[in-house]
Structure formats: structure tokens, C-alpha cells
Undergrad: 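One structure, pasted below without further comment.
Remember, it's a predicted structure, so these values are computed and weren't measured experimentally. Starting from 1, each residue takes its place in the sequence as its number. Reckoned from all heavy atoms, side chains included, excluding hydrogens, waters and symmetry mates.
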Amino acid sequence: MTIPNSKKIYPRSNDFETIYLKNVITKTNIKVGDFTIYNDFCNDPRDFEKNNVLYHYPINHDRLIIGKFCSVACGAKFMMNSGNHTLKSLSNYTFPIFGEEWDETLKPKDAWDNKGDIIIGNDVWIGYQAVIMSGVKIGDGAIVGTRAVVTKDVPPYTIVGGIPAKAIKKRFNDEVISCLLKLEWWNFTNEKIAKNIPFIQAGDIDWLKNL
């Protein structure tokens, strides 16, 4: 049995469109778990920080956190807080970010509605060109449909789609979801995951209940 190596950039030989995302991240305010993949057939997937994490200026101190074993499709975007101009001000112009031109002591909170970090759970599938807005939390096992715009939190193992994204259905019943959340298979050792992949892929509920 071959145990996979999450330390390399390209999981598959001669496939330069799919990467283990964690291994190309350079910014300390972006955290990605092991085996999470990003596929990009339009741009170099290694440019994820530049092309997909938008308005992520240091002035707001917000973070993008993505768990393990997630699948992020081509063109998915994460809209961070600096793209979220405040509605409380008399102007929606972001003066603080242009401190060299105006007043470098201006407070960021007066320019943006800071809604917090974007937090993506484990085993989440984010579809083609989906947009995740600032402050959103997506639970483990959730699925975000193609070109959905996610403005609110998504519960675990829930499929959402549309603009704005709305719940379509749960992937499993509540009992199975509860078991999966307790099991946290993504935290198994690589050896244990490899051994149990046939049961995971088959959706073997009896296997799940017997663990």
C-alpha cells in the first residue's frame, strides 16, 4: 500500500493544473490543511494567493483558513474584508488604505465593515467560480455549487447554490452527519485513511457506525 505524500506541490505526475494548496501558500494569514487541492486550467494554480484571495490587505488582519481534504475548483474566489466598503460612512471611499495621499492615522474600522475571517471546514467542495464572502464559515463536508455567492454560514454536510447561496439539501440525515462530525476521518493517520478509503468512498454507513 502506497501512503500519499502531502508535502509535494503536484499530486499527479504530468498534471500541472492541480496542486496541494498548502505547499504554495506564503502568507501567514492564510492557513490550509493537508491534502486540500486547488485546480486551475486558466491560470497557474500556484498563483492562488494573487488570483483567488481578493482584497486581502494587511491593514484588516483578517485570515483565510481552509481545512484538510478540501477540493477547490478553478476560479473560486475568497473576498476578504478590504473589499467590503462600509455603509456607515458618508462616503464609501476607503481613505485609510491611501495613507500616503491622505492621513496615515485614519482607522481601518471607519472604512470597512470587518466581518471577520473566512473559515472553511474539512472535506469541503467549492465549485467552479464560486465566491465566498468575508466572515463566512463553511462547515465540514459541505458543498458549494458552481458560481454560487456565499454570503452566510453554511452548516456541515449541506449543499448550497445560487446567488445569494441558499441551502439545497443535506447530504445525509442528521444521525449520519453527527457520526461523521464525531469521527473526523480527516484527522486519521494517512495509513488509516488509506486502509479505509473503500468504505469512505462507498458511503458505507455500517462501517461508520461500527468505528
Undergrad: Are F41 and V72 in one and the same hydrophobic cluster, where Ile, Leu, Val, Met, Phe, Trp and Tyr link if side-chain heavy atoms are under 4.5 Å apart?
TA: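 Shared cluster, no.
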Undergrad: Looking at side-chain heavy atoms only, is the closest gap between N196 and W185 below 4.5 Å?
TA: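 Sidechains of W185 and N196: no contact.
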Undergrad: Are side-chain heavy atoms of N39 and I37 found at a separation under 4.5 Å?
TA: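 No, their side chains stay 4.5 Å or more apart.
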Undergrad: Measure across M80 and L64 and return the closest heavy-atom pair with its distance rounded to 0.1 Å.
TA: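 So the two residues come closest at CE-N, 3.9 Å.
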Undergrad: Could you report the tightest heavy-atom contact between C74 and C42, atom names first, then the distance?
TA: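 Reported closest heavy-atom pair: SG-SG, 4.0 Å.
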Undergrad: Taking the side chain as every heavy atom from C-beta outward, state whether V149 and P164 have any pair of such atoms under 4.5 Å apart.
TA: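 Side-chain contact under 4.5 Å: no.
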Undergrad: Ignoring hydrogens and angles, tell me if any N or O in the side chain of D40 forms a donor-acceptor pair with the backbone of P45 under 3.5 Å.
TA: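 It does not hold such a pair.
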Undergrad: Tell me if a side-chain donor or acceptor on S178 pairs with a main-chain N or O of V176 at a distance below 3.5 Å.
TA: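 No: the side chain of S178 does not pair with the backbone of V176.
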Undergrad: Counting only N and O atoms by type, is there a donor-acceptor contact under 3.5 Å from the side chain of D62 to the main-chain atoms of N81?
TA: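 Judged by distance alone, yes, a pair lies under 3.5 Å.
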Undergrad: Is a side-chain N or O of N23 found less than 3.5 angstrom from the main chain of K7, in a donor-acceptor match?
TA: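 Looks like yes, one N/O pair under 3.5 Å.
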Undergrad: Judged by atom type as modelled, is there a donor-acceptor pair below 3.5 Å linking the side chain of D140 to the main-chain atoms of N122?
TA: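 Answer holds: yes.
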Undergrad: For atom NZ of K27, is the number of surrounding heavy atoms from other residues, nucleotides or ligands below 6.0 Å larger than 12?
TA: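 Yes, the 6.0 Å shell around NZ holds more than 12 heavy atoms from other groups.
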Undergrad: For E17, what residues pass the side chain to side chain donor-acceptor pair (under 3.5 Å) criterion, not counting sequence neighbours?
TA: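 Testing E17 for side chain to side chain donor-acceptor pair (under 3.5 Å), a comparison that skips the adjacent residues, returns none.
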Undergrad: Assess the residue pair H61 and N29 against the criterion (side chain to side chain contact (heavy atoms under 4.5 Å, CB included)); give the C-alpha distance rounded to whole Å, side-chain angles, the decisive distance to 0.1 Å, and a yes or no.
TA: CA-CA 8 Å; H61 306 289; N29 51 2; over 6 Å; no
Undergrad: What I'd like to find out is whether the side chain of N60 reaches to under 4.5 Å of the side chain of Y55, using heavy atoms alone.
TA: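 Not in contact.
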Undergrad: Around Y10, counting heavy atoms of other residues, nucleotides and ligands shown, do more than 12 lie under 6.0 Å from its OH?
TA: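 Correct, the count exceeds 12.
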Undergrad: Kindly indicate whether the side chain of I25, heavy atoms from C-beta on, has any atom under 4.5 Å from the side chain of F48.
TA: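 They are in side-chain contact.
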Undergrad: If you take all heavy atoms of K22 and D34, which pair is closest and at what distance?
TA: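 Closest approach of K22 to D34: NZ-OD1, 2.7 Å.
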Undergrad: If I compare all heavy atoms of D153 with all of K137, which pair ends up nearest, and what's the gap?
TA: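 Taking every non-hydrogen atom into account, OD1-N, 2.9 Å.
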Undergrad: Check the angle between the aromatic planes of Y20 and F35 and answer parallel, tilted or perpendicular using the 30° and 60° thresholds.
TA: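 Rings of Y20 and F35: perpendicular, as their planes differ by over 60°.
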Undergrad: Would you confirm whether K77, through its side chain, and N51, through its main-chain N or O, come within 3.5 Å as a donor-acceptor pair?
TA: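 Yes; at least one donor-acceptor contact below 3.5 Å.
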Undergrad: Quick one, Y38 and N52 - any side-chain contact, counting heavy atoms below 4.5 Å?
TA: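 Heavy-atom side-chain distance check passes, below 4.5 Å.
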Undergrad: Would the number of heavy atoms belonging to other residues, nucleotides or ligands and lying under 6.0 Å from CZ of R46 be above 12?
TA: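 Not more than 12 within 6.0 Å, no.
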Undergrad: Answer yes or no: are there more than 12 heavy-atom neighbours, outside K170 itself, under 6.0 Å from its atom NZ?
TA: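 Counting other residues, nucleotides and ligands, NZ of K170 stays at 12 neighbours or fewer.
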Undergrad: Answer yes or no: are there more than 12 heavy-atom neighbours, outside K115 itself, under 6.0 Å from its atom NZ?
TA: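 No - once you tally the heavy atoms of other residues, nucleotides and ligands closer than 6.0 Å, there are 12 at most.
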Undergrad: Starting from V53, can I reach I19 by hopping between I/L/V/M/F/W/Y residues whose side chains sit under 4.5 Å apart?
TA: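 Shared cluster, yes.
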Undergrad: Is atom NZ of K169 surrounded by more than 12 heavy atoms (other residues, nucleotides or ligands) closer than 6.0 Å?
TA: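 12 or below, so no.
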Undergrad: Is there a side-chain contact between W125 and I143 in this structure, where contact means two heavy atoms from C-beta onward sitting under 4.5 Å apart?
TA: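 SC-SC contact between W125 and I143 confirmed.
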Undergrad: Check whether any side-chain heavy atom of F69 lies under 4.5 Å from a side-chain heavy atom of I193, and answer yes or no.
TA: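 Counting from C-beta outward, F69 and I193 do come under 4.5 Å.
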Undergrad: Which heavy atom of C70 sits nearest a heavy atom of I120, and at what distance?
TA: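 Looking at all heavy atoms of both residues, the closest pair is SG-CG2, 4.3 Å.
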Undergrad: Does one hydrophobic cluster hold both I168 and V136, with members joined at side-chain heavy-atom distances below 4.5 Å?
TA: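 Hydrophobic grouping puts I168 apart from V136.
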Undergrad: So which heavy atom on A148 is nearest to which on A165, and how close?
TA: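 That would be CB-CB, 4.2 Å.
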Undergrad: Is it the case that one hydrophobic cluster holds both L180 and I197, taking links as side-chain heavy atoms less than 4.5 Å apart, direct or via other members?
TA: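 Yes, L180 and I197 fall within the same hydrophobic cluster.
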